[in-house]
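Everything below concerns the one structure shown next.
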Amino acid sequence: MTVTLITGANKGIGFETAKQLLELGHDVYIGARDLKRGEYAAAALGARFVQLDVTDDASVSSALATIDAAEGRLDVLVHNAGILETGLDGPAALRSFDTNAVGIVRVTEAALPLLRKSSNPNVVTISSSAGSFWAVNNPERPEFGLPLALYSASKSAATMLTVQYAKSHPGIKFNALEPGTTATDMTAPFGIGRPAEESARHVVRLATLDPTGPTGTFQDEAGELPW
Ligand SMILES: NC(=O)c1ccc[n+]([C@@H]2O[C@H](COP(=O)([O-])OP(=O)(O)OC[C@H]3O[C@@H](n4cnc5c(N)ncnc54)[C@H](OP(=O)(O)O)[C@@H]3O)[C@@H](O)[C@H]2O)c1
């Protein structure tokens with residue numbers, strides 16, 4: 001059975017991805033920073049739960065140690081946890097980068113020994129086209145007018161980390177995804193987006209790549225996205 005960890009999976013796109021991967025027979029660990037929200041989500045889906053705050057090194061090590069003790073390996077890691085800060089100051093910048101970029105480093109570094117024990121290790125990063133230099137400079141794209149400097153910059157970092165990890169670990173697939181504008185708690189203030197089930201299908205597509213699948217790419221549902 002494929003062992004899968006999804007960070008920030010207690011709601012939104014992560015929760016729907018967990019649901020769909022469970023339906024495909026994955027052994028899914030819901031990572032959530034809040035014990036109650038995580039346990040509730042895992043119980044609703046029939047998934048496993050690990051407490052995992054991507055901004056907390058001890059929490060990340062302990063979550064991966066739990067999976068190691070139970071499974072001895074990790075096949076699929078989905079970096080889904082993310083926040084959207086609308087302000088622009090030092091504390092908001094630290095929070096944005098801590099969760100959206102440094103969190104990826106913390107979880108990847110803790111997961112690498114377990115991923116190396118998989119026969120088809122696969123890491124999917126839910127990044128954003130808001131972090132694409134091409135999109136934010138293209139007046140025909142909605143990202144051109146997005147006043148979300150910290151979200152965009154931290155997602156650019158998430159995409160770059162994906163590329164750098166892909167280069168330094170050729171035996172492991174690392175791909176970044178723009179999941180599509182989705183109606184979740186994150187986008188609720190803007191009143192936009194499609195159902196999370198639809199976006200989760202694209203996460204699932206990358207999370208179920210076979211060993212010959214691509215690595216080091218940045219994609220949306222239409223294919224590769226310009227950086
Ligand atoms: N919605 C969109 O249109 C869209 C578009 C492009 C990319 N994305 C990306 O997709 C991912 C999922 O977003 P979403 O739309 O599903 O938003 P969401 O419903 O707000 O879900 C975000 C999840 O991340 C978790 N999280 C936040 N900080 C965390 C931390 N420090 N440690 C662990 N988990 C943490 C949240 O947990 P709590 O419940 O504890 O807060 C929640 O489970 C994000 O990376 C987002 O940037 C979304």
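As the structure lists them, so they are numbered: ligands from 1, and atoms in each ligand from 1.
- The nearest protein atom to atom 35 (C) of ligand 1, hydrogens excluded, is given as A81 CB, 3.6 Å; this is a heavy-atom distance.
- Ligand 1 has a nitrogen or oxygen under 3.5 angstrom from a nitrogen or oxygen of R33.
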Take L45 and L22, measure what side chain to side chain contact (heavy atoms under 4.5 Å, CB included) needs, and give me the verdict at the end. CA-CA 8 Å; L45 292 176; L22 281 160; 3.7 Å; yes
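- Among L177, I13, N100, the residue whose heavy atom lies closest to atom 16 (O) of ligand 1 is I13.
- In summary, the atoms of ligand 1 found under 4.0 Å from a heavy atom of E178, numbered by their order in the structure, are 6 (C).
- Remark: D98 engages R106 in a salt bridge, criterion side-chain N to carboxylate O under 4.0 Å.
- At a 3.5 angstrom cut-off on N or O pairs, I83 does not count as close to ligand 1.
- Under the 4.0 angstrom criterion for non-hydrogen atoms, D34 is not in contact with ligand 1.
- Using a non-hydrogen distance threshold of 4.0 Å, F15 does not register as a contact of ligand 1.
- With L52, I104, T184, T99 as candidates, the residue nearest to atom 15 (O) of ligand 1 on a non-hydrogen basis is T184.
- By the 3.5 Å distance cut-off applied to N or O atoms, T181 is not counted among the residues near ligand 1.
- Among protein heavy atoms, the minimum distance from atom 47 (O) of ligand 1 is reached at Y151 OH, 2.6 Å.
- Between the side chain of S156 and the backbone N or O of G131 there is at least one donor-acceptor pair closer than 3.5 Å.
- Using a cut-off of 4.0 Å between Lys/Arg side-chain N and Asp/Glu carboxylate O, E143 and R141 are scored as salt-bridged.
- Considering backbone and side-chain atoms together, G8 places an N or O closer than 3.5 Å to an N or O of ligand 1.
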Steps toward side chain to side chain contact (heavy atoms under 4.5 Å, CB included) verdict (T55, R33): CA-CA 9 Å; T55 66; R33 59 181 164 179; over 6 Å; no
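- With 3.5 Å as the limit, one finds no donor-acceptor pair spanning the side chains of D53 and S59.
- Atom numbering of ligand 1 starts at 1 in the shown order; those under 4.0 Å from a heavy atom of T187 are 1 (N), 2 (C), 3 (O).
- Counting only N and O atoms by type, the side chains of H79 and T108 include a donor and acceptor under 3.5 Å apart.
- Looking from atom 1 (N) of ligand 1 to the surrounding protein, the closest heavy atom is T182 O, 3.2 Å.
- Counting protein heavy atoms only, atom 32 (N) of ligand 1 is closest to V54 N, 3.0 Å.
- Between S127 and ligand 1 there is a heavy-atom distance shorter than 4.0 Å.
- For the pair D53 and ligand 1, the shortest N or O to N or O distance falls below 3.5 Å.
- Summary of contacts: the protein heavy atom closest to atom 18 (P) of ligand 1 is K11 CE, 3.9 Å.
- Of the polar atoms of G14, none of the N or O atoms is found under 3.5 Å from an N or O of ligand 1, judged by distance alone.
- Within the structure, ligand 1 has G180 among the residues with a heavy atom less than 4.0 angstrom away.
- N10 OD1, 2.8 Å is the protein heavy atom nearest to atom 43 (O) of ligand 1.
- When all heavy atoms of H202 and P179 are compared, the pair lying nearest together is CD2-O, 4.4 Å.
- Which of N80, T17, I126 comes nearest to atom 44 (C) of ligand 1 through a heavy atom is settled by distance: it is N80.
- Ligand 1 places these atoms under 4.0 Å from at least one heavy atom of T55: 31 (N).
- Scanning all protein heavy atoms for the shortest distance to atom 13 (O) of ligand 1 gives M186 CE, 4.0 Å.
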Quick one, H26 with T208, criterion side chain to side chain contact (heavy atoms under 4.5 Å, CB included). Give me CA distance, side-chain angles, the key distance, then yes/no. CA-CA 10 Å; H26 285 220; T208 55; 4.0 Å; yes
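- K155 counts as a contact of ligand 1, since one of its heavy atoms falls under 4.0 Å from the ligand.
- A salt bridge links E221 to R194: at least one charged side-chain nitrogen sits closer than 4.0 Å to a carboxylate oxygen.
- Across every non-hydrogen atom of L21 and A207, the tightest pair is CD1-CB, 4.2 Å.
- Per-residue contacts place G82 under 4.0 angstrom from the following atoms of ligand 1 (heavy atoms of the residue considered): 22 (C), 24 (O), 27 (C), 44 (C), 45 (O).
- Formation of a donor-acceptor pair under 3.5 Å by the Q20 side chain with backbone atoms of E197 is found in this model.
- Between F174 and Y165, the two ring planes are parallel [angle under 30°; tilted spans 30° to 60°].
- For P179, the heavy-atom gap to ligand 1 drops under 4.0 angstrom.
- Judged by distance alone, the side chains of Q51 and S62 never bring a donor and an acceptor atom under 3.5 Å apart.
- At least one donor-acceptor pair under 3.5 Å links the side chain of T187 to the backbone N or O of T182.
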